[in-house]
Amino acid sequence: MDADFPELSPNVYRDTWCGQVLGDRVDKAVRVSGWVHRRRDHGGLIFIDLRDRTGVVQLVFNPDEAGGSFELGHRLRSEFVVSVVGRVLTREPETVNPDLPTGQFEIHVTGAEVLAESDTPPFAIEGFNAEVGEEARLRHRYLDLRREPMQRAIELRHRLTTSMRRFLDAEGFLEIETPILTRSTPEGARDFLVPSRQHRGSFYALPQSPQLFKQMLMVSGFERYFQVARCFRDEDLRADRQPDFTQLDIEMSFVDSEDIITLNERLMAHLLGEMGIDVQIPFPRMGYDEAIQRFGSDKPDTRYGFEITDLTEILRGTEFKAFGGVIESGGAVRGINFGRRELSRAQLDGLIDDAKELGAKGLVWAFREGDGWRAPIAKFLSAEELSGLNTAMDAEEGDLMLVAADQPAKVAAILGGLRTRLAERWGLIPEGENQLTWIVDWPMFEFNADEDRWDALHHPFTAPSGEFDPADPGSARAQAYDLVWNGVELGGGSIRINSPELQSQVFTALGISLEEAADRFGFLLEALRYGAPPHGGIAFGVDRFAALLAGVDSIRDVIAFPKTASGGDPLTGAPAPVDDVQMRDVGIALRKPAKPGSA
RNA sequence: GGGGGUGUAGCUCAGUUGGUUAGAGCGCUGGCCUGUCACGCCAGAGGCCGCGGGUUCGAGUCCCGUCACUCCCGCCA
């Protein structure tokens, strides 16, 4: 494992790491302890691969050398914990194992002791049958974590957070803890609630992020704060979402966006550099509107093309109702040229299903053929329209074009989603390339049609750019920035509002009355009255960051004890009912009987 | 909340149109084996086919429901 693992101070269990049984130990007596990784029992000669955190070393039990320990060697089974003494010898050339760092050496056991026996593990810790279902892995997570990939992932995560702390410490940041039991602020995600025993009927909430605390720390004059902070959101899970997750949370005073962006570029270059990834700073920046236009996403993966082309003007007034109707009602028609591809009819139908899954009413596919299209809808389009479309999408003979029509935001989301799916499916994403991009110039608000109100795109404490007109929230821009790495949102932040008046105006624009604002966030508004410096910050998703660095698809693979997609933990059985006494203590009664399955 | 996928031995999986006693590899147990390292050879144990109901002479297989896991949409300021 780690080549520069620290020297071991000898104790009763060992004086040498398994991974350190190398040339300088030859002919020396050593004591090692660890787990039985694999046993090869030849009857008259027994080989044991012994494993500790640093690696694996071969033990040889020979009746001529091992004496009474030979019998014990016979009894050893997978994952027994043993301590052995023996002499390190160089292996005969023909018995060297080139796949093992310690493969030129072995320990000839002269004495051995079983420190702990083990039941037969439910799945293999090592070896070629390494594919194990995730549920089994989570039920016995302590065993799963013994496995090499998990050991490496957890170690990588440690190196990442350590590296964050080192960099930020050197830049004058203080790591300050903020409460886990705090107050519900019913914006944003659903809160996890904790009933209060001492204040019956009242609840703590677990923080969705330390946002308000870090702003108050700026009011307190700490100027540079960070925290590797646990955050909690009671929403449905995904491969990249857990109900409790970790953020690197940063806040600074007397800064503008530029200061935060440049500091974080240096932070990223430092972190990635330590992980062996070289990146150029400064990172390119892209406006939010441009990202949506060209890539259909606020976290565009710029490692590959297939950008989105707007076709609305070409098709304005077209005979084809599905397009013309949408355009008349203020919608847009956009398309992507996916290049020359052979697809079966079933595959093309599959693309339509993909589009529908992404919320499309339909999807038009077409191949360029001569000056026109080979497509089910080709006959509804005029020759001028077809050639205009081919030109706009830069289509060459045989190129596959996918076209969708809907309201602009929706068509962008559909084609953006399709673009990533197809790039993944056809293996069109360049490996080993790293694109870090700032998305800047965000709108302050987006209109929520269902609730007939404006919602903050970032959060309600984000400072607007320039003059703010509460009467026209749609045109307000935010001093916000997201950092996107290869199509994954690594983190985002903003300059915050440091004036209570402006903060109140933003609440008003969001339809939050002053009474409501005072009730929910009064403590922050009050803090802002006592000399709040200009301040801003950013937060990064540590789990996602670690998963990307580890090259795994799910953040569960970089979390020691993660939860399943339904928010449960097969290891502890959480969540679980509690007994009546506990319920009574906190003054809680269930409205309905507990769900039968959940116990 | 909605959609897709999966559920058979400890693990990973196969199981034909519904047909007699449900299989494989690995692991496990016992025996043999002094240079293996995915050790080898021989023998053996191991099954609520997720659960409940239905159709049928007969269900791992078909139907309905349900639970769990997983991916996606909604949701995640």
Side-chain angles (χ1 to χ4, degrees), chain A residues 37-49 56-66 70 77-78 91-100 102-103 106 108 119-140 143 185-191 208-209 211 231-243 245 350 353-360 413-414 417 420-421 444-446 448 450 453-462 478 480 489 492 494 506 510 512 541 553-554 556 563-566 568 570 595-599:
Chain A
H37 195 54
R38 192 177 266 283
R39 178 179 64 115
R40 292 176 295 280
D41 187 343
H42 291 228
L45 194 64
I46 303 164
F47 299 97
I48 300 281
D49 291 338
V56 168
V57 66
Q58 174 163 280
L59 310 179
V60 183
F61 288 76
N62 184 322
D64 304 332
E65 306 163 333
F70 185 78
R77 293 293 182 271
S78 283
R91 299 200 202 177
E92 296 299 320
E94 64 273 17
T95 66
V96 162
N97 182 350
D99 299 330
L100 222 53
T102 61
E106 60 194 11
H108 287 247
D119 289 354
T120 301
F123 50 81
I125 306 303
E126 49 70 52
F128 284 66
N129 281 15
E131 299 266 318
V132 183
E134 201 165 359
E135 204 183 350
R137 290 174 52 198
L138 291 182
R139 194 162 52 243
H140 302 278
L143 295 179
T185 51
E187 297 296 304
R190 201 175 292 111
D191 283 321
Q208 296 177 25
S209 82
Q211 180 62 33
C231 305
F232 306 87
R233 292 178 191 174
D234 187 7
E235 298 291 350
D236 286 348
L237 283 70
R238 289 283 192 287
D240 63 351
R241 271 173 20 200
Q242 285 272 304
F245 62 100
D353 292 339
D354 276 301
K356 285 185 175 159
E357 208 177 303
L358 292 162
I414 291 159
T420 14
R421 284 188 188 202
M444 279 285 279
F445 308 103
E446 79 188 328
N448 180 338
D450 294 341
R453 60 155 197 246
W454 292 91
D455 284 345
L457 203 64
H458 198 63
H459 59 55
F461 318 107
T462 299
E489 181 196 331
S494 63
V506 169
L510 288 167
I512 300 170
D553 291 331
S554 165
R556 292 188 296 272
K563 287 165 188 67
T564 67
S566 61
K595 209 173 143 193
S598 68

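Proteins come first, then strands; the chains are lettered A, B, ... in the order of their sequence lines, and each starts at number 1.
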Let me have a per-nucleotide readout for nucleotides 72-77 of chain B, 5' to 3', with B, S or -, counting only protein heavy atoms under 4.0 Å. SBBBBB

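Taken from OG in A:Ser494 to CG in A:Leu457, the straight-line distance is 11.0 Å, to the nearest 0.5 Å.
Contact annotation: the side chain of A:Arg91 approaches that of A:Asn97 to within less than 4.5 Å [non-hydrogen atoms, C-beta and beyond]. Within the 4.5 Å cutoff, the side chain of A:Met444 has no heavy atoms near those of the A:Trp454 side chain. For the pair A:Phe461/A:Val506, no side-chain contact is recorded, criterion being any heavy-atom separation below 4.5 Å from C-beta on.
Nearest nucleotide to the A:Asn97 side chain, out of B:G35, B:U70, B:C37: B:C37. Closest approach to the A:Arg91 side chain among B:C33, B:U36, B:U29 is made by B:U36 (side chain taken as heavy atoms from C-beta onward). Each of B:C37, B:C28, B:U34 was ranked by its minimum atom distance to the side chain of A:Ser78; first place goes to B:C28.
With a cut-off of 3.5 Å on both Watson-Crick or G-U wobble distances, the partner of B:G40 is given as B:C32. The partner of B:U6 is B:A68, judged by Watson-Crick or G-U wobble contacts that both fall below 3.5 Å. Of all nucleotides present, only B:C13 satisfies the Watson-Crick or G-U wobble test against B:G23, with each distance under 3.5 Å.
When heavy atoms are screened at a 4.0 angstrom cut-off, A:Gly568 is found touching no nucleic acid atom at all. As judged by a 4.0 angstrom heavy-atom cut-off over every strand, A:Val57 is placed among residues making no nucleic acid contact. Looking at heavy-atom distances under 4.0 Å, A:Glu106 makes contact with a base. At the heavy-atom level, A:Asp64 lies under 4.0 Å from base atoms of the strands shown. Nucleic acid contact class of A:Asp41 (heavy atoms, under 4.0 Å, all strands): base.
Spacing between B:G10 and B:G47 at atom C1', rounded to whole Å, works out to 12 Å.
A:Glu135 contributes no side-chain N or O that forms a donor-acceptor pair with the base of B:U70 under 3.5 Å.
Using modelled atom types, one finds a donor on one side chain and an acceptor on the other under 3.5 Å when comparing A:Glu65 with A:His108.
A salt bridge is absent between A:Arg241 and A:Glu235; no separation between the charged side-chain nitrogens and carboxylate oxygens falls under 4.0 Å. With respect to A:Arg238 and A:Asp236, no salt bridge is recorded, no charged nitrogen being found less than 4.0 Å from a carboxylate O. Using a 4.0 Å cut-off between charged nitrogen and carboxylate oxygen, A:Arg40 and A:Asp49 count as a salt-bridge pair.
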Could I get a table of every N or O pair under 3.5 Å where one atom is in the protein and the other is in nucleotides 7-9 of chain B?
none

